[in-house]
Structure formats: structure tokens, C-alpha cells
Amino acid sequence: MDLTRAEWSALREKTPLPLTADEVEQLRGLGDVIDLDEVRDIYLPLSRLLNLYVGATDGLRGALNTFLGEQGSQAGTPFVIGVAGSVAVGKSTVARLLRALLSRWPEHPRVELVTTDGFLLPTKELQARGLMSRKGFPESYDRRALTRFVADIKAGKDEVTAPVYSHLIYDIVPGEVLTVRRPDILIVEGLNVLQPALPGKDGRTRVGLADYFDFSVYVDARTEDIERWYLNRFKRLRETAFQDPSSYFRRYTQVAEEEALDYARTMWRTINKPNLVENIAPTRGRATLIVRKGPDHKVQRLRLRKL
């Protein structure tokens, strides 16, 4: 079902806007242009839809338990949302906004957000496998650990831990973990979260990460626009985060801007664009909702998969 921005915005009905302009500013990613109007028109209706999904899923689970004579079992099973899309398309901002909006609903105040970066293989392992130039591709993740993490959350385990990734050092932080304790909703954000499971060595189909999602969002845009956003973000990072002496990319602040941008263009051409074309974009059709952005980062159209 294709919807224009105006048609989608009308679906928020009388849902109040729980965020202030300052809160939106804090949630916004570098280079993103999301403002209160964008939140009101796009993400408020989405939070209303997700709230309805959560309630309906709980009701369906209760009906199944009644049928099986297992009243009270699996109570409080977390609702899991996947957020996918390219580097620099703004999916991290979308995930943070959804966390903030959904946690304001009284039915599900405990909303956790986990990014798949924490499940990237450590740099030493990527180097040993010759995968540093494939960082972000499906094979650069510990997919088994990531799937097991979400499966444990879905199973209602009291505590589940995930590794922590630092964009500053461009690597997994040794000894540091993120602990998730029985959330009402878990949001999983990452490049390849909608990838289907690979067949096992015996040829049999396995359960994949996306099989645990109750709802999924794909943030979409023209490849040319994403490339421009990626380069603009690199320039901004060169002026800010890359200035930190501990930054892995510190060396790109010590050369002329054009030389640094040549490196960014190479990264886009050899890593990020191929990953988008070969792995990320082909999963777009698996999403429950596709959010299509225009050249100005504003959402223009949405495609909702009907039940």
C-alpha cells in the first residue's frame, strides 16, 4: 500500500506529540535534518501504528495460550522491531526516535535499542580473515551470536548481554557489554538486519535474525543522495569526532580536505555502495514498512505491507 506524506500524516489522528524540539535535536544524527514537523508527520503516525501492533500481538499470543490451555505462559514476550538501511541514510536517527516515542506510550514504557555494530567481528579477527575491506558486509558479523541474542530476548530471558562497539576506535570495546533486561519492545538497528538466513552445511534452511521481528522498517533513498549525505557527514566528522586524538580516523584531519574526501569517496565506491547494492537494498521488499526519503532527507512516500 503506497501512501504520500500527506496521506500518512493524517493517520496519526489525535496522537499527542511527546517530544520537544530540544529532544529531537539530541536524537538527530550528524547530517540529518529531522525536525518537529518531520516527527509529527512521519514518526508519530508510525509510533501509533506500532502501538496498535504491540497490542494486537499481545492479544493474539493470549488467544493462542488460551487455546493451548497455557494461560499466563509467555507473558510479556518482547515485541521486536528491525530498522534497516544504508550507511548515512538516517536509520540510526529513526531508531532513536522510535525508541523515544514508543517509550512514551503507557502500555510499553521499557524500550531498548541495540545496534548490530556490537556484533561486528573484532578488528584482529577481520584482519585475520581478510575482511577489513568488507566491514559492514554480512560476513563481517558474528551472525550466530546476533541471532542468539535476539532469540534470547524473545524467549524472555531475564538478562541478555551484547558486545559494545566504539565508532571512535572503530572496533569492539574489550570487556564492555550492554545488558538488556526484559524490555517491552526491542529495536534492532543495522545495515543487514533483514538478510535471510543462510542454509546450513546440510542444506537445510535455518532461522535468521529477521525471523524474530514482529515489524520491520527499511529507510530508503536514491543511491546518489545517500552518497552525497555520506560525504557531507564525513566532512562534518572530520571537523568534530575525528579531531579526538583517540579516533581511528584522526589521520584524515592531518591532511588536506580534498585528500581526505578522496579517501571517503574510495570507501563509498569500494565498500559502502557495493554493500548497499549487493546486500542491503535487495532486502527492502522484506520490510513491513519502507520509508522513502527525498534529496533533502525529508520523507516523501511510504509503502506499508498489508496483512
Side-chain angles (χ1 to χ4, degrees), residues 1-3 29 42-43 46 49-50 53-54 57 78-99 102 111-121 134-154 162 165 183 185-200 205-223 225-226 229-230 271-293 299 301-307:
M1 180 179 184
D2 286 311
L3 297 160
I42 304 301
Y43 300 103
L46 179 52
L49 175 63
L50 287 168
Y53 259 81
V54 173
T57 301
F79 188 91
V80 181
I81 302 168
V83 179
S86 171
V87 167
V89 79
K91 66 185 180 303
S92 297
T93 299
V94 170
R96 288 192 295 268
L97 276 170
L98 287 180
R99 181 187 186 184
L102 290 170
V111 183
E112 295 286 353
L113 168 61
V114 173
T115 71
T116 59
D117 291 342
F119 293 91
L120 282 162
L121 295 171
R134 304 276 291 179
K135 193 168 185 177
F137 282 67
E139 62 268 28
S140 67
Y141 294 88
D142 186 342
R143 284 176 283 185
R144 180 177 296 179
L146 174 56
T147 302
R148 185 169 59 246
F149 169 82
V150 177
D152 286 346
I153 294 285
K154 197 74 172 173
Y165 182 84
I185 297 174
L186 174 69
I187 300 171
V188 183
E189 177 258 307
L191 300 170
N192 292 294
V193 298
L194 295 179
Q195 284 280 321
L198 296 175
T205 302
R206 295 180 294 184
V207 175
L209 175 65
D211 294 315
Y212 292 99
F213 295 164
D214 298 291
F215 193 98
S216 54
V217 180
Y218 184 94
V219 186
D220 197 20
R222 292 171 65 247
T223 303
D225 291 330
I226 302 174
W229 299 338
Y230 174 78
I271 299 177
N272 294 302
K273 183 178 180 180
N275 194 20
L276 171 60
V277 173
E278 297 168 17
N279 300 305
I280 303 169
T283 69
R284 177 174 45 204
R286 306 187 77 215
T288 316
L289 178 70
I290 300 172
V291 177
R292 178 74 175 184
K293 289 186 171 185
V299 174
R301 300 191 65 85
L302 302 98
R303 176 173 292 180
L304 179 64
R305 190 172 69 220
K306 298 181 72 173
L307 298 176

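Throughout, numbering of the chain's residues begins at 1 and tracks the sequence. What's counted below: heavy atoms across the whole structure, side chains too, no hydrogens, waters or symmetry copies.
Side-chain N or O atoms of K91 include one that pairs as donor or acceptor with a backbone N or O of S86 at under 3.5 Å.
In the model, E189 has no side-chain atom that pairs as donor or acceptor with a side-chain atom of T116 under 3.5 Å.
Between V83 and V193, the shortest heavy-atom contact is O-CG2, 3.7 Å. For K273 against T223, the heavy-atom pair with the smallest separation is CE-CG2, 4.1 Å. Nearest approach of P138 to N275, heavy atoms of both residues: CD-OD1, 3.9 Å. Taking all atoms of both residues into account, the shortest heavy-atom contact from R286 to Q195 is NH1-C, 3.4 Å.
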Could you walk me through whether L194 and F213 satisfy the side-chain contact (heavy atoms from CB on, under 4.5 Å) test, starting with their C-alpha distance in whole Å, then the side-chain angles of each, then the deciding distance to 0.1 Å, before giving a yes or no? CA-CA 9 Å; L194 295 179; F213 295 164; 4.1 Å; yes
Start with the C-alpha distance between L289 and Y218, add both sets of side-chain angles, then the distance that settles side-chain contact (heavy atoms from CB on, under 4.5 Å), and finish with yes or no. CA-CA 6 Å; L289 178 70; Y218 184 94; over 6 Å; no
Stepwise, does the side-chain contact (heavy atoms from CB on, under 4.5 Å) test hold for L304 with L49? CA-CA 11 Å; L304 179 64; L49 175 63; 4.0 Å; yes
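R305 contributes atom CZ, which lies 4.5 Å from atom OG1 of T288 (distance to the nearest 0.5 angstrom). From L302, atom CG reaches atom CD1 of I290 across 9.5 Å, with rounding to the nearest 0.5 Å. Separating the CD1 atom in I226 from the OH atom in Y230 is a distance of 12.5 Å, to the nearest 0.5 Å. Put simply, CD on E278 and CZ on F137 are 5.5 Å apart, with the number rounded to the nearest 0.5 Å. With values rounded to the nearest 0.5 angstrom, L120 atom CG is found 8.5 Å from L191 atom CG.
Sorted by first and then second residue, the salt bridge (Lys or Arg N to Asp or Glu O under 4.0 Å) pairs with a member in residues 206-223 read K154-D214, D220-R284, D220-R292, R222-E224, R222-D225; sequence neighbours excluded. A side-chain hydrogen bond (donor to acceptor under 3.5 Å, both in side chains) check over residues 136-151, counting only residues at least two apart or in different chains, returns the pairs R134-E139.
Using a 4.5 Å cut-off on side-chain heavy atoms (C-beta onward), I153 and P183 make contact. You'll find the side chain of F215 stays beyond 4.5 Å of the side chain of T57, heavy atoms only.
Ionic pairing of E112 and R99 is present here: one or more N-O contacts between side-chain nitrogen and carboxylate oxygen are shorter than 4.0 angstrom.
Between F149 and F119, the ring planes lie tilted relative to each other; the angle falls in the 30° to 60° range.
The 12-atom threshold is exceeded at NZ of K135, counting heavy atoms of other residues, nucleotides or ligands nearer than 6.0 Å.
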